[in-house]
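Notes for the one structure printed next.
In what follows, every heavy atom counts, from backbone to side chain, and hydrogens, waters and symmetry copies are set aside. What you see is a predicted model; the values in this text were computed from it and never measured.
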Amino acid sequence: MFHYIEEQLRQSFAAFLSSTYGVDVPVVVEQPKQTSFGEFALPVAFALARQLRKAPRAIAEELAAKLPPNPGVASVEVAGNGYLNVRLDRGLYAAALLSGEGSSPAGAAAGKVIVEHTNINPNKAAHIGHLRNSVLGDTFVRMLRASGRPVEVQNYIDNTGVQVADVVVGFHYLEQKSPADVAALISQPRFDYYCWDLYARTSQYYTTNPDAIQWRRDTLHAIEHGEGVLAELGHLIADAIVECHLDTMLRLGIVYDVLPRESEILHLKFWARAFEQLKERQAVYFVDEGKNQGCWVMAASHFRDSATGEEGDDDAKVIVRSNGTVTYVGKDIAYQMWKFGLLGLDFHYKPLRTYPDGHEAWVATDEPCELPAPAFGGGAEVYNVIDSRQSYLQDVVVAGLRALGYASQADHSIHFSYEMVALSPRTCIELGIALSEEDRKRPYVEVSGRKGLGVKADDLIDKLIEKAKAEVDSRHPAKPEEERLRIATQIAIGALRYFLLKFTRNTVIAFDLQEALSFEGETGPYVQYAAVRARNILRKLAERGETLPEFSAALDSAAMHRQLQAEDFWQLLLAASKSGTALASALSAGEPSHMARYAFQLAQAFNAFYHDYPILAEENPEKRTFLLWLAVYFKEQLERTLEQVLGIPVPEYM
RNA sequence: GGGACCGUAGCUCAGAUGGAUAGAGCAUCUGCCUUCUAAGCAGAGGGUCGCAGGUUCGAGUCCUGCCGGUCCUACCA
């Protein structure tokens, strides 16, 4: 609603300026820091001062006098050196909210958005760094959907890479296990934890036995060709770990539409097709001499502004190695082309799992399946949620598209980057991770799957649930055990998702266990609690045998106007009606953290209100009805932001 | 060497398109539970926004230089 009025104001003002002054200046609509200044502030007089050669204050006064009346606007005042402060008609605004005007989601239009996230190597348990990726990606998906965009969620599985190979080496060479042995392990719980340790052990083994690297080469070769016991192990392990990851993510409410896999990119000749195009359009060239002799490379000038193209081949990126095999980036170019529907090839698909809500996730296969799959790929816009360390490679992928002549697709390829999650030194010590002297002085220590150094996602979730459970137990000892556990789980999810979202994307999170386990202050549970408090009021009302009044009959705009003279009420209502503005700004900034912050600020406003105004004890009937409506409206808005956009459940009680 | 990001309160972080008195949380201190649950509320202290210039009506925000920190710059994925 707020967003709707903001846009209207912007447009009508621009039209007014254009018709009376014949000037086209972008109209900036701000929200003043001081609430006493009104709902909107327009610094447009400052922008006009130069063009009209007049003092901003004089222009502002002229504008205020000439401006035609605007429906819904109570007053326009000149303030400061030339601000125009706009106040809304509170009664009309509230009446419009009550009748549901202006709440329609923004125009859908546009094409399908593809968001790729998670992308965890299927060789070990997921850790907190992976959680940041998935939660960011999933929340961004929810934001897009809330704004009316159709979205397809992809989770790319690199099931033929070095990381999987290393675990295969661990099972086959170090532990001498057969596929049957491994299958038996898979049927046990926490196979991903087993692999976590084995992967670290194998990596360690290479450092003391350099010759063992040959095992990795043999394994990679076997996996790539899909033959023999090594390949069998590779598939067994990767498929099982993918299931573990899907389970872990489902605990946080994160689901996928389709899982493209590297094995299919290879078998279905995606790369071969992309390579033809790259050669044909001369996006890559063959190197005859120098350090890249025998390779197909992409010139640095394609992906670096500074490079001139005359500097030789040293800065070029190798796409095809001298032994004829393709690098990861090459495969990624083919994959990115498929995402836009530019490859002329498609995967086959089979159902992978049906989620509790009935949603189906599909996985790529190399053979046709009888079940009809939805149409995947062919997006109009592609977001790749990948940490910022890979920005160089993402630049190469986009440069590949551009060099092929797909400029528009290159422009719509967005590296949704984020900084890594590291560990605070204090948390390392707490977890028994040995630190070197250097590390001790650093602000944070990088996690490393190779070293087995990190916090596993499921461990963290378990810890959060345990802590929340203790709180719920102490507050609600009479409630059934199962119910308490369910609520503790919801609180844990809220705490974790909020924690990972509260930082902006390019902030390194120095993960601190104590901070992450906190349920007070700017945390998920704080925000959930505000929603629960609103629910409590309504539940208490029902327990007293009362029903909710018919608000639209009881509250006309005159009544709204009377009640909203109280600044506290107006500010809360205003804040609750700004979810559309918050969503639009969070989307345009590409910052899910903005949405989290909005939810927190709204919760803060409600908590203060809740403390100051006992609704059920209110004796004035009109005021009581109004306050009930305010509570209901707040509850609906916050619940929607939490559940639909942030993926944070709202418990029945806390 | 080249590229990117970061430096704001004791700590962890917000400050979109330059705007009015730079904000939260944590920590510290002081109050508030017989009330719609205190996972809460109210209040206090705490800042030369890394440093120096520049751009203009106006700079935490834009530009230049310096200082400090991090990541990337593989025929690994």
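One interatomic measurement links the two molecules: CZ of A/Phe609 to P of B/U35, which rounds to 19 Å at whole-angstrom precision. In this structure, A/Gln514 places its CD atom 17 Å from P of B/C11, rounding to the nearest Å. In this structure, A/Arg505 atom CZ and B/G15 atom P are separated by 12 Å, rounded to whole Å. As rounded to whole Å, 17 Å separates atom P of B/C71 from atom CG of A/Leu393. When the P atom of B/A74 is taken as reference, atom CD1 of A/Ile319 falls 12 Å away, rounded to whole Å. The CD atom of A/Gln31 sits 14 Å away from the P atom of B/A20 (whole-angstrom rounding). As rounded to whole Å, 16 Å separates atom P of B/A16 from atom CE of A/Met143. The separation between A/Met420 atom CE and B/A4 atom C1' is 14 Å, rounded to whole Å.
Within the nucleic acid shown, A/Tyr444 comes within 4.0 Å of sugar-phosphate atoms alone, with no base atom in reach, counting heavy atoms only. Contacts of A/Ser322 with the nucleic acid, taken as non-hydrogen atoms under 4.0 Å apart, include base atoms. Residue-level contact check: A/Ala586 touches neither bases nor backbone, having no heavy atom under 4.0 Å from any strand.
Listed nucleotides: B/U37, B/C5, B/C57. Nearest to the side chain of A/Asn506: B/C5. Taking every side-chain heavy atom of A/Gln34 into account, B/U21 is the closest of B/U17, B/U21, B/U37. For A/Met654, taking side-chain heavy atoms from C-beta onward, the closest of the listed nucleotides B/A20, B/U37, B/C13 is B/U37. Taking only side-chain atoms of A/Cys295, from C-beta outward, the nucleotide of B/U37, B/U12, B/C75 with the closest atom is B/C75. Nearest nucleotide to the A/Val162 side chain, out of B/A39, B/C76, B/C36: B/C76. When distances are taken from the side chain of A/Phe37 to each of B/A20, B/A39, B/G15, the shortest belongs to B/A20. Picking from B/A14, B/U37, B/A39 the nucleotide with the shortest atom distance to the side chain of A/Tyr653 gives B/U37. In this structure, of B/C75, B/A38, B/A39, it is B/A38 that holds the atom nearest to the side chain of A/Tyr610. The side chain of A/Arg389 lies closest to B/C71, out of B/A14, B/C71, B/A39. Minimum atom distance to the side chain of A/Ile537 is reached by B/C36, of the listed B/A39, B/C36, B/U17.
A donor-acceptor contact under 3.5 angstrom links the side chains of A/Thr160 and A/Glu262, judged on distance only. In this structure, a donor-acceptor pair under 3.5 Å is absent between the side chains of A/Asn384 and A/Gln390. Under 3.5 Å, the side chains of A/Asp158 and A/Tyr328 contain no donor-acceptor pair of N or O atoms. Between the side chains of A/Asn607 and A/Tyr526, at least one donor N or O sits under 3.5 Å from an acceptor N or O. Counted by atom type alone, A/Asn536 and A/Arg539 present one or more donor-acceptor pairs between their side chains at under 3.5 Å. With no hydrogens or angles considered, no side-chain donor-acceptor pair links A/Thr202 and A/Asp166 at under 3.5 Å. Counting only N and O atoms by type, the side chains of A/Asp218 and A/Gln214 include a donor and acceptor under 3.5 Å apart.
Between B/C49 and B/G18, the distance separating the two C1' atoms is 15 Å to the nearest Å. Taking the P atoms as reference points, B/A14 lies 15 Å from B/C62, given to the whole Å. Look at the P atom in both B/A16 and B/G23: the space between them is 13 Å, to the nearest Å. Between B/G3 and B/A39, the two C1' atoms lie 46 Å apart (nearest whole Å). For the C1' atoms, the distance linking B/C11 with B/C51 amounts to 23 Å, nearest Å. For the C1' atom pair drawn from B/G45 and B/C33, the interatomic distance equals 26 Å after rounding to whole Å. Taking the P atoms as reference points, B/G50 lies 23 Å from B/U56, given to the whole Å. A gap of 8 Å separates the C1' atoms of B/A22 and B/U8, to the nearest Å.
A stacking contact between A/Tyr392 and B/U73 is absent: the pair does not combine a ring-centre distance of less than 5.5 Å to the base's six-membered ring with planes differing by less than 30°. The aromatic ring of A/Tyr526 is not stacked on the base of B/A39, since the criterion of ring centres less than 5.5 Å apart with planes inclined by under 30° is not met.
Place A/Lys33 and A/Gln293 on RNA chain B by their nearest nucleotides, and A/Lys33 ends up nearer the 5' end. Taking the nucleotide of RNA chain B with the nearest heavy atom to each of A/Val318 and A/Ala79, the more 5' of the two is matched to A/Ala79.
Pairing partner, B/G1: B/U73, with both Watson-Crick or wobble hydrogen-bond distances short of 3.5 Å. Base pairing analysis places B/A16 opposite nothing; no Watson-Crick or G-U wobble pair with both distances below 3.5 Å involves it. Remark: B/G7 base-pairs with B/C67; criterion is Watson-Crick or G-U wobble with both hydrogen-bond distances under 3.5 Å. For B/C29, the paired nucleotide is B/G43, the pair qualifying as Watson-Crick or G-U wobble because both relevant distances are below 3.5 Å.
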Can you give me the N/O atom pairs linking the protein to nucleotides 24-27 of chain B at distances under 3.5 Å, or say none if there are none?
from: B/A24; atom 1: O3'; to: A/Gln604; atom 2: NE2; distance (Å): 3.4
from: B/G25; atom 1: OP1; to: A/Gln604; atom 2: NE2; distance (Å): 3.4
from: B/G25; atom 1: O2'; to: A/Glu522; atom 2: N; distance (Å): 3.4

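The side-chain hydrogen bond (donor to acceptor under 3.5 Å, both in side chains) test with A/Tyr653 singles out one residue from A/Arg535, A/Glu483, A/His476, and that residue is A/Glu483.
In this structure, A/Tyr610 and A/Phe606 have tilted ring planes: the angle between them lies in the 30° to 60° band.
Ring centroids of A/Tyr444 and A/Phe511 are separated by 6.0 Å or more, keeping the two rings apart.
An OP1 or OP2 oxygen of B/G15 is reached within less than 4.0 angstrom by a side-chain nitrogen or oxygen of A/His594. Note on A/Arg475: a side-chain N or O is less than 4.0 Å away from OP1 or OP2 of B/A39. Under 4.0 angstrom from either OP1 or OP2 of B/G40 there lies no side-chain N or O belonging to A/Asn607. For A/Ser593, no side-chain nitrogen or oxygen approaches OP1 or OP2 of B/C13 to under 4.0 Å.
Residue A/Ser388 places no side-chain atom within donor-acceptor reach of the base of B/C5, judged by atom type and a 3.5 Å distance cut-off alone. Checked by distance alone, A/Asn85 brings a side-chain donor or acceptor within 3.5 Å of a matching partner on the base of B/A20.
Salt bridge present: A/Glu522 and A/Arg597 bring a charged side-chain N and a carboxylate O closer than 4.0 Å.
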